[in-house]
Amino acid sequence: MSENKEIRTRFAPSPTGYMHIGNLRTALFTYLIAKSQPNGKFILRIEDTDQTRKVDGAVDIIYNTLKNVKLFHDEGPDIGGPYGPYVQSERKEKGIYAEYAHKLVELGGAFYCFCNKDDEEEIDDASDVSSNEKAKFAKQNDPCRKISLDEAKKRIANGEKYVIRQKIPAGRTSFTDVVYGKIEVDNKTLDEGIMLKSDGFPTYNFANVIDDHLQNITHVVRGNEYLSSAPKYNILYKAFGWEPPVYIHLPPVMRDANHKLSKRNGDASFEDLVAKGYLPEAILNYIALLGWHPEGEQEIFSLDDLLKVFSIQRISPSAAIFDIEKLTWMNGVYIRALDLNSFNDLAMPYYKQVIHSNIDFLFLSKMLHDRVEVLGAIPEMIDFIDSLPENYDLELYTHKKMKTDKDISLKALQEAKSAFENINDSDWNDAKIHDVIMDLVAKLEWKNGQVFWPIRVALSGKQFTPGGAVEIANILGKTETLKRINLGIERLSNS
RNA sequence: GACCCUAUCGUCUAGAGGCCUAGGACAGGAGGCUUUCAAUCUCCUAACAGGGGUUCGAAUCCCCUUAGGGUCGCCA
């Protein structure tokens, strides 16, 4: 591998639905490996050779997700480039795969196979030896292997259906993966898999090698589920006389110790996380730490930071479990780092879900900013502003640490009521409300909490709220505050 | 079943044979601050899967066992 050659990596998803977190992490690492180098190029290629699995709109999800996390590609279907087309079905239309598949047969690296699917399935279903039989069939025991090239060509000319299978030579194959080191296998364990299907489409196993070579990909980054088939790809490169790329297989991202993150597990999709109120930057930062670790102890990294510190050598070979708790914490860090106006803008849609009156939203944001970890949690935190929870539990008035009970609370509310009534409408603000309550505390010779706590409960009907009595009273306004205090007095008197 | 890969606190991880009494972060616990909850600060709990080697010395190297993951599709 000549070192002055520019690094070219490709992210090559199949358009089959959601973009899950494991996928996104592969995209991130693929991007970083290329773009952390001076002239690196990050290419997007769509692998849609399985037309039956194609899902409408899936390509847009891929574009949108990459855009959302600012993983911009240098070449791809939407922006073109010198190695197009970048969609495999379009490349198939140009005859690229067929050309190379037939060439591979001529080179002795593949053969025509006329067995039809049903034959194989019969063998498969036949008896208890079936699986063994099937394995033998695939591993260098295909009867079609013996058909001469001339004979095969004749049968093809006669219109017989065929596939092209890879021919595995005897011996051993080894390659070196940057993450997993040297891997060597006996060729006997390798399958002579299908390269070109009977419908003329290539399989992944063939298309990825052809495209990676034709598109000059220097570093192949992919999940380690491909580690087992990598030797077959190497044999392919060898048969064509091509130089294999640098392999970088990534450890899996798991949902728990025994299960890989999958599209089935709804939470794992990038879109779902964003919908729940996770910031794209936080998600990206978090997944960067799954299977990779920087040299120091810093954990918060912008994409630009990552570009500076990323190194392939620090990718770990072992699986990582996706931990939503840590992501949540990190999301909080990102939210707190926002300036107040940005936070206000991001929070606004969530405010609107539960608040229909016109309040001082910026003041609300000031209260919430430091205590929100996930934006999606906002509605539940502030829904009491629009309407007091009906029949909230009166036990809330009893709080050991605050030294309050229902009797003290009743008295506190009654005192607060008259104190508040004496505040002029134009004086209704943070400082004034605070002073009035503190005066009350002094007058009663009580502890702060014995006055603050009952007021907060009466105003919110909740155990926890963003902000205390003063802030809530300020947001609610004088009229609504007094209304809720009156209701509290009424309910406490009748209990 | 065959082949490949992996194995440090509950979780993400640091650790390239002596810097390890194993470090950091999340989570958990205790406390400070505080009008609630947070934020923040201080402190604490908690791990080298097991067994053999190699070596003066092993979390680190080798082997075996165990556990887990992956591949074995006209899926990618």
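- Rounded to the nearest Å, the gap between the C1' atom of G50(B) and that of A59(B) is 14 Å.
- Here the side chains of Val309(A) and Phe301(A) are in contact, with some heavy-atom distance below 4.5 Å.
- Residue Lys401(A) is classed as a base contact, given a heavy-atom separation below 4.0 Å to a base.
- Side chains of Asn234(A) and Thr173(A): a donor-acceptor N/O pair is absent below 3.5 angstrom, by distance only.
- Between Ile194(A) atom CD1 and A76(B) atom P there is a gap of 11 Å when expressed in whole angstrom units.
- The aromatic rings of Phe175(A) and Tyr247(A) stand perpendicular to each other, their planes meeting at an angle above 60°, with 30° marking the opposite boundary.
- Separating the C1' atom of G31(B) from that of A22(B) is a span of 27 Å, rounded to the nearest Å.
- Across the interface with RNA chain B, nearest-nucleotide mapping of Ser228(A) and Val185(A) shows Val185(A) to be the residue nearer the 5′ end.
- Between the OH atom of Tyr180(A) and the C1' atom of G70(B) there is a distance of 9 Å, given to the nearest Å.
- Among the atoms of the strands shown, none is found under 4.0 Å from any heavy atom of Glu373(A).
- Nucleotides C20(B) and A76(B), compared at atom C1', are 44 Å apart to the nearest Å.
- Base pairing of A25(B): its partner is U11(B), meeting the Watson-Crick or G-U wobble criterion (both donor-acceptor distances under 3.5 Å).
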Can you give me the N/O atom pairs linking the protein to nucleotides 12-16 of chain B at distances under 3.5 Å, or say none if there are none?
| unit_1 | atom_1 | unit_2 | atom_2 | d |
| --- | --- | --- | --- | --- |
| C12(B) | OP1 | Ile321(A) | N | 3.1 |
| C12(B) | O2' | Leu289(A) | O | 2.9 |
| U13(B) | OP1 | Gly291(A) | N | 2.5 |
| U13(B) | O2' | His293(A) | NE2 | 2.9 |
| A14(B) | O3' | Arg314(A) | NH2 | 3.4 |
| G15(B) | OP1 | Arg314(A) | NH1 | 3.3 |
| G15(B) | OP1 | Arg314(A) | NH2 | 3.4 |

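- Residue Glu297(A) places its side chain closer to G24(B) than to any other of U36(B), G24(B), A27(B).
- Under 4.0 angstrom from either OP1 or OP2 of A76(B) there lies at least one side-chain N or O belonging to Lys197(A).
- U35(B) atom P lies 17 Å from atom CG of Leu444(A), rounded to whole Å.
- Arg45(A) has a carboxylate O that lies under 4.0 Å from a charged side-chain N of Asp212(A), or vice versa, which qualifies the two as a salt bridge.
- Across all strands shown, C3(B) pairs with G70(B); the Watson-Crick or G-U wobble distances both stay below 3.5 Å.
- When both pairing distances are held under 3.5 Å, A46(B) makes no Watson-Crick or G-U pair with any nucleotide shown.
- Between Leu227(A) and Ala12(A), the residue anchored nearer the 5' end of RNA chain B, judged by the nucleotide with its closest heavy atom, is Leu227(A).
- U13(B) sits 15 Å from A46(B) when the C1' atoms are compared, rounded to a whole Å.
- In this structure, Trp329(A) atom CH2 and G10(B) atom P are separated by 20 Å, rounded to whole Å.
- In the set U35(B), G69(B), A76(B), the nucleotide with an atom closest to the side chain of Asp50(A) is A76(B).
- Here the C1' atom of nucleotide C5(B) and the CD1 atom of Ile315(A) are 16 Å apart, to the nearest Å.
- Within 4.0 Å (heavy atoms only), Thr49(A) reaches sugar-phosphate atoms of the nucleic acid but no base atom.
- Residue contacts for Thr203(A): at a heavy-atom cut-off of 4.0 Å it reaches the sugar-phosphate backbone alone, with no base atom in range.
- Shortest non-hydrogen contact noted between Ile62(A) and Pro15(A) is CD1-CA, 4.3 Å.
- Ring geometry, Tyr112(A) versus Phe114(A): the interplanar angle falls from 30° to 60°, so the pair is classed tilted.
- Here G68(B) presents its P atom at 17 Å from CG of Asn224(A), a figure rounded to the nearest Å.
- The one candidate from Asp50(A), Asp48(A), Thr49(A) that meets the side-chain hydrogen bond (donor to acceptor under 3.5 Å, both in side chains) condition with Ser89(A) is Asp48(A).
- Taking atom C1' in both C33(B) and A16(B), the straight-line distance is 44 Å, to the nearest Å.
- Within 4.0 Å (heavy atoms only), Tyr226(A) reaches at least one base atom of the nucleic acid.
- Proximity of the aromatic rings of Trp292(A) and Phe310(A) is defined here by a centroid distance below 6.0 angstrom, and this criterion is met.
- In this structure, Met330(A) reaches neither bases nor backbone, as no heavy-atom distance under 4.0 Å exists between it and the strands shown.
- Residue Arg336(A) places at least one side-chain N or O closer than 4.0 Å to OP1 or OP2 of U40(B).
- Phe201(A) has its side chain out of reach of Gln88(A): every pair of non-hydrogen atoms, C-beta onward, lies at least 4.5 Å apart.
- In this entry the distance linking CE of Met402(A) with C1' of U34(B) reads 9 Å, nearest Å.
- Across U45(B) and G10(B), the matching P atoms stand 14 Å from one another, rounded to whole Å.
- In this structure, A39(B) makes no Watson-Crick or G-U wobble pair, since no nucleotide meets both defining distances under 3.5 angstrom.
- Here the side chain of Pro317(A) is nearest to one of A76(B), U6(B), U35(B), namely U6(B).
- Using a 4.0 Å heavy-atom distance criterion, Ala257(A) is classed as a sugar-phosphate-only contact.
- What separates CD of Gln166(A) from C1' of G73(B) is a distance of 15 Å, to the nearest Å.
- In this structure C56(B) sits in a base pair with G18(B), meeting the Watson-Crick or G-U test at under 3.5 Å.
- Side-chain proximity of Glu225(A) to the nucleotides C75(B), U71(B), A27(B) is greatest for U71(B).
- The separation of C61(B) from U54(B), taken at their C1' atoms, amounts to 8 Å, rounded to a whole angstrom.
- Straight-line distance between the P atoms of A49(B) and A7(B): roughly 9 Å, to the nearest whole Å.
- Once rounded to the nearest 0.5 Å, the distance linking CZ of Arg145(A) with SG of Cys113(A) reads 11.5 Å.
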